[in-house]
Amino acid sequence: MSVISHIPVIIEFFGILPDADYMRVERCREFQQYHQILSVAIQGVVAALMILRTYALYGRDRRILILLLAIIGAGGVVSLWVIVTGRNTHRPGTTHPEEIARIGCELALSQQEGYDLAIAWSSILVFDATVFILTLLQALKIGKAWRGGYLHVMLRDGTVYFGVLSVCYLSNILAYAPVHKGVSTSITNVLSTTLVTRLMLNIRDPDLHERPRRWGLDDTEV
């Protein structure tokens, strides 16, 4: 999904588009809307995996599930609202040499779209921060028991995941203020899918399955 679904995004950036202005504008709006929908879909899949992981870590505690669903639900509503309202928003134009203007789409967004998208990415950052804090609190609660087991791997991978993607999300949020808004969206989507895949594969390590799964808490199992 992360690789094949980005083919239209490559065309959006580097494709040779129709010369007619009205056709070019319409095609570019379709590509940009597709890019935004793709970002929502990718982040939604990543969030679902993180929710399942944290839900299991807390022994299927429904309070944790409700908290995470509320955060990601709010972010999803904002993201969909940005996509729907952004299609009819007037966007600023820039002037390029003719040979450059024929390649790819004009990716400039209005300032209001920039603010809206920054809010959407901020909700994802809040979600990831919540997941990281919940994992850290569970690790501190358990202490040094079962070091090197499931919890150690989940905390280690969660720290790397949160650290790398926090930088990506912050760059997305800050980049929506200048002229080149959303410049790091694609790399954020690719990194998030790559890291969450690695994160899920690591807990399926056969060496971990050979160790006891209980962490010393009566209500916490994986």
Side-chain angles (χ1 to χ4, degrees), residues 1-15 27-57 65 67-87 104-105 107 109 113-132 134-135 154 157-176 180-204:
M1 176 180 176
S2 179
V3 177
I4 298 177
S5 58
H6 273 84
I7 293 176
V9 178
I10 296 174
I11 299 174
E12 177 191 5
F13 289 161
F14 306 109
R27 188 66 55 80
C28 283
R29 284 189 178 274
E30 291 175 355
F31 277 128
Q32 287 183 324
Q33 189 172 42
Y34 169 83
H35 197 179
Q36 292 175 346
I37 294 173
L38 175 63
S39 297
V40 172
I42 289 176
Q43 295 303 322
V45 171
V46 171
L49 292 174
M50 297 301 291
I51 288 174
L52 289 174
R53 184 173 175 270
T54 309
Y55 183 50
L57 180 63
L65 180 62
L67 172 64
L68 296 178
L69 287 177
I71 295 174
I72 203 63
V77 170
V78 173
S79 300
L80 292 176
W81 177 73
V82 170
I83 292 173
V84 172
T85 59
R87 184 172 178 80
C105 290
L107 302 176
L109 299 173
E113 282 182 296
Y115 292 144
D116 293 341
L117 289 168
I119 294 173
W121 282 110
S122 297
S123 66
I124 300 176
L125 178 59
V126 170
F127 172 81
D128 280 350
T130 303
V131 170
F132 175 73
L134 289 173
T135 304
M154 294 177 76
D157 292 350
T159 301
V160 174
Y161 174 90
F162 177 70
V164 173
L165 288 186
S166 291
V167 175
C168 293
Y169 294 148
L170 285 173
S171 67
N172 269 327
I173 294 168
L174 297 176
Y176 279 112
H180 302 290
K181 302 176 181 68
V183 68
S184 59
T185 299
S186 295
I187 187 63
T188 300
N189 288 333
V190 172
L191 278 175
S192 61
T193 53
T194 302
L195 289 174
V196 79
T197 300
R198 184 70 265 175
L199 186 147
M200 298 305 290
L201 288 175
N202 280 348
I203 62 175
R204 297 181 64 85

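Small disclaimer: the values here were computed from a predicted structure and weren't measured. Hydrogens, waters and symmetry mates are skipped; everything else that's a heavy atom, side chains included, is used.
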In short, Ser122 meets Ala118 closest at the heavy-atom pair OG-O, 2.7 Å

Mind checking whether His6 and His35 have parallel, tilted or perpendicular rings, split at 30° and 60°? perpendicular

Work out which heavy atom in Val190 is nearest to a heavy atom in Thr194; give both atom names and the distance. O-OG1, 2.8 Å

Restricting to non-hydrogen atoms, name the atom on Ser123 and the atom on Gly75 that form the minimum distance, rounded to 0.1 Å. OG-CA, 3.2 Å

As a quick check of understanding, evaluate side-chain contact (heavy atoms from CB on, under 4.5 Å) for Gln36 and Phe31, giving each step before the final call. CA-CA 9 Å; Gln36 292 175 346; Phe31 277 128; over 6 Å; no

Enter the distance from Ile10:CD1 to Ser186:OG here, rounded to the nearest 0.5 Å. 9.0 Å

Hey, what do you get for CZ (Phe127) to CZ (Phe132), rounding to the nearest 0.5 Å? 14.5 Å

Verdict with reasoning, Tyr161 to Val46, per side-chain contact (heavy atoms from CB on, under 4.5 Å): CA-CA 11 Å; Tyr161 174 90; Val46 171; 3.0 Å; yes

Can you tell me which residue among Leu165, Leu117, Ile124, Thr185 is in a side chain to side chain contact (heavy atoms under 4.5 Å, CB included) with Asn172? Thr185

So, taking the atom named CG in Leu195 and the one named CE in Met200, what distance separates them when rounded to the nearest 0.5 Å? 13.5 Å

Rounded to the nearest 0.5 Å, what separates atom CG in Leu57 from atom CG in Leu52? 12.5 Å

Please answer whether the main-chain N or O of Asn189 pairs with a side-chain N or O of Ser192 as donor and acceptor at a distance below 3.5 Å. yes

Leu67 side, atom CG; Ile51 side, atom CD1 - distance, nearest 0.5 Å: 9.5 Å

If every non-hydrogen atom of Leu68 is compared with every non-hydrogen atom of Leu134, which pair is closest and at what distance? CD2-CD1, 4.1 Å

After noting the C-alpha distance and the side-chain angles of Leu125 and Ser166, does the key distance pass the side-chain contact (heavy atoms from CB on, under 4.5 Å) rule? CA-CA 7 Å; Leu125 178 59; Ser166 291; 3.9 Å; yes

Flag, side chain of Arg53 to backbone of Met154, donor-acceptor distance under 3.5 Å: yes

Heavy atoms of Phe162 and Ala129 approach each other most closely as CE1-CA, 3.3 Å

Would you say that Met50 contacts Tyr55 through its side chain, given a criterion of any heavy-atom pair below 4.5 Å between the two side chains? no

Walk me through it: do Val78 and Asp116 pass the test side-chain contact (heavy atoms from CB on, under 4.5 Å)? CA-CA 8 Å; Val78 173; Asp116 293 341; 6.0 Å; no

Closest approach of Thr193 to Thr197 (non-hydrogen atoms, all atoms of both residues): O-OG1, 2.7 Å

